[in-house]
Amino acid sequence: MAEPGEHWHPGAAYLYVLQLDGPALAWEYLRRHPDYRRDWSRCRHDDASAHWGLRLLEDPALDARDAQPVWCPDHVGVIQLHPDLDPPPGAEGFGLWCLPGRKRLVHDGRRLLCASHCGGGCLRLAIAPGLCNGMAYVCAARVPDCRNLAREADKFIAGSVPTTRACARPTATELLELHTLQALDGTLAGASLRTIAGVLYGAGTVAREWHADSPLRARVRRLVRRGRGLMRGGYRTLLPVAV
C-alpha cells in the first residue's frame with residue numbers, strides 16, 4: 001500500500017475516501033503528520049499515543065480501510081456491549097462472528113474493540129471483558145438518545161443490516177475531503193499549487209483559468225491550507241463527541 005504523499009496523482013486511489021465517516025477521516029489526516037509517523041517508527045509508547053488522542057499508536061501505512069485507531073476517549077460512534085445481568089426470557093445471545101461484513105479486532109489492554117465494515121458503513125463496538133459468546137447483552141453509548149443507536153446496533157448484531165447499498169452521487173462534502181487529502185499529499189510530496197491544480201482539475205482548466213488572482217488558484221490554496229490544518233490537530237474536530 002502506498003505511503004501518504006506517494007503516487008498521489010491518480011484520483012481513483014482516493015475513491016475510498018468517499019465512504020469514510022468522521023473517525024475514519026480523522027485517521028487519514030493524522031497518519032499523514034510527519035511527527036506522528038516519526039513517533040510510530042521510534043516510540044510506540046503510551047505517552048506518545050496520548051499526545052495524538054489515541055490509546056495505542058496505529059501504523060500510519062494503513063489507510064482507514066485497514067487501520068483501527070483507538071481514540072481516547074471513545075467517540076460517540078462507539079457502542080459499548082456489556083453482559084445483561086437480568087436478561088428477559090429468550091434474550092438473543094451475542095455472537096461476534098455473526099456480525100456481517102469484514103471485521104478488524106484489537107485489544108487496547110482493557111477490552112476488545114471490533115470494527116465491522118458492511119455496506120459502505122462501519123460499526124464500532126467496545127466489548128466488555130465479561131461478555132462471552134452466546135451471553136445476553138446490553139448496549140450503551142455516549143449520545144443523548146441512546147435508544148435509537150442501541151436499536152441500530154441490535155439490528156447490525158442480528159445480521160439484519162443490508163450488505164450492499166445503491167451507489168449514490170458523491171456529495172459536495174465527500175468531494176471536499178477527497179480533494180483535500182489529494183492536495184495535502186501533493187504538498188507533502190513537494191508539488192507546487194499549479195501542479196496540484198493540474199492533477200485535480202486537469203491541464204486544460206489550468207491553462208485557461210490559472211493566474212495570480214484566479215478563483216482556481218484560491219481554491220487550491222484553500223484546499224492545501226485546510227489539509228494542513230486538519231493534519232496538525234484539526235482532525236480532532238472530525239470525531240463526534242457527546243453534547
Side-chain angles (χ1 to χ4, degrees), residues 1-43 48-49 51-54 57-71 75 77 115 117 120 122 169-206 209-240:
M1 185 174 298
E3 297 286 294
E6 296 181 3
H7 312 298
W8 62 277
H9 284 231
Y14 294 83
L15 290 178
Y16 73 93
V17 173
L18 301 175
Q19 304 293 329
L20 302 183
D21 58 8
L25 284 169
W27 168 247
E28 286 293 338
Y29 288 107
L30 171 58
R31 78 186 187 95
R32 286 163 163 79
H33 199 302
D35 291 345
Y36 177 82
R37 301 174 70 80
R38 180 204 61 203
D39 282 353
W40 166 259
S41 63
R42 298 180 183 176
C43 301
S49 61
H51 172 75
W52 301 105
L54 297 170
L57 290 179
E58 176 62 289
D59 186 352
L62 300 176
D63 67 38
R65 294 170 292 185
D66 296 315
Q68 191 177 358
V70 183
W71 301 105
H75 57 83
H117 299 267
C122 180
R169 188 179 183 85
T171 66
T173 300
E174 291 169 343
L175 288 174
L176 173 63
E177 300 298 350
L178 186 154
H179 288 157
T180 300
L181 283 167
Q182 194 170 8
L184 177 60
D185 282 348
T187 299
L188 294 173
S192 66
L193 293 179
R194 186 184 179 102
T195 299
I196 294 171
V199 170
L200 293 180
Y201 305 111
T205 299
V206 172
E209 302 180 18
W210 189 270
H211 54 81
D213 299 319
S214 68
L216 178 61
R217 184 170 184 171
R219 187 189 316 163
V220 175
R221 189 183 296 115
R222 286 195 299 271
L223 287 173
V224 170
R225 184 167 57 245
R226 181 175 185 269
R228 284 174 170 166
L230 287 167
M231 180 184 70
R232 294 170 178 168
Y235 62 86
R236 297 174 189 261
T237 65
L238 299 174
L239 300 169

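No side-chain heavy atom of Leu188 sits less than 4.5 Å from a side-chain heavy atom of Trp8. Arg65 is not listed as a side-chain neighbour of Cys122, based on a closest heavy-atom distance of 4.5 Å or more. Side-chain contact between Arg225 and Arg222: present, with at least one pair of heavy atoms (C-beta onward) separated by less than 4.5 Å.
In this structure, the side-chain hydrogen bond (donor to acceptor under 3.5 Å, both in side chains) partners of Glu177, at least two apart in sequence or on a different chain, are Tyr29, Arg226. Residues that satisfy the side-chain contact (heavy atoms from CB on, under 4.5 Å) test with Pro170, not counting sequence neighbours, are Leu18, Glu174, Leu175. Residues passing the salt bridge (charged side-chain N to carboxylate O under 4.0 Å, His left out) test with Arg219, sequence neighbours excluded: none. Scored by the side-chain contact (heavy atoms from CB on, under 4.5 Å) test, Ala13 finds no partners at all (sequence neighbours excluded). Residues forming a ring pair (Phe, Tyr, Trp, His ring centres under 6.0 Å) with Trp52 (at least two apart in sequence, or on another chain): His33, Tyr36. Here Arg38 pairs with Asp35, Arg42 under the side-chain contact (heavy atoms from CB on, under 4.5 Å) rule; sequence neighbours left out. For the side-chain hydrogen bond (donor to acceptor under 3.5 Å, both in side chains) test, no residue two or more places apart in sequence or in another chain qualifies with Thr237. Scored by the ring pair (Phe, Tyr, Trp, His ring centres under 6.0 Å) test, Tyr201 finds His179 as partners (sequence neighbours excluded). Scanning for side-chain contact (heavy atoms from CB on, under 4.5 Å) contacts around Ala64 gives Leu20, Ala24, Trp27, Glu28, with sequence neighbours left out.
The two residues Leu223 and Ala183 have their closest heavy-atom pair at CB-CB, 4.0 Å. The two residues Val220 and Ala197 come nearest to each other via the heavy atoms CG2-CB, 3.7 Å. Here the closest heavy-atom approach between residue Leu54 and residue Pro69 is recorded as CD2-CB, 3.9 Å. The heavy-atom pair separating Ser192 from Thr195 by the smallest distance is OG-OG1, 2.9 Å. Contact detail for Leu184 and Arg228: the closest heavy-atom pair is CD1-N, 4.0 Å. Pro240 approaches His75 most closely through the heavy-atom pair O-CB, 3.2 Å.
When atom types are taken as modelled, the side chain of Arg37 and the backbone of Arg31 share a donor-acceptor pair closer than 3.5 angstrom.
Taking CG of Leu181 as the reference point, atom CG of Leu230 lies at 8.5 Å (rounded to 0.5 Å). Atom OG1 of Thr187 and atom CD of Gln182 lie 11.0 Å apart (nearest 0.5 Å). Note that CD of Gln68 and CG of Leu62 are 11.0 Å apart. Values are rounded to the nearest 0.5 Å. Rounding to the nearest 0.5 angstrom, the gap separating the OG1 atom in Thr180 from the CG atom in Leu176 is 4.0 Å.
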For residues 209-216, tabulate all N or O donor-acceptor pairs below 3.5 Å that involve a side-chain atom, not counting sequence neighbours.
unit_1	atom_1	unit_2	atom_2	d
His211	ND1	Asp213	N	3.4
His211	ND1	Ser214	N	3.4
Ser214	OG	Glu209	O	3.2
Ser214	OG	His211	N	3.4
Ser214	OG	His211	O	3.1
Ser214	OG	Arg217	N	3.1

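Evaluation of the salt bridge (Lys or Arg N to Asp or Glu O under 4.0 Å) test over residues 7-26, restricted to residues two or more places apart or in two chains, returns Asp21-Arg124.
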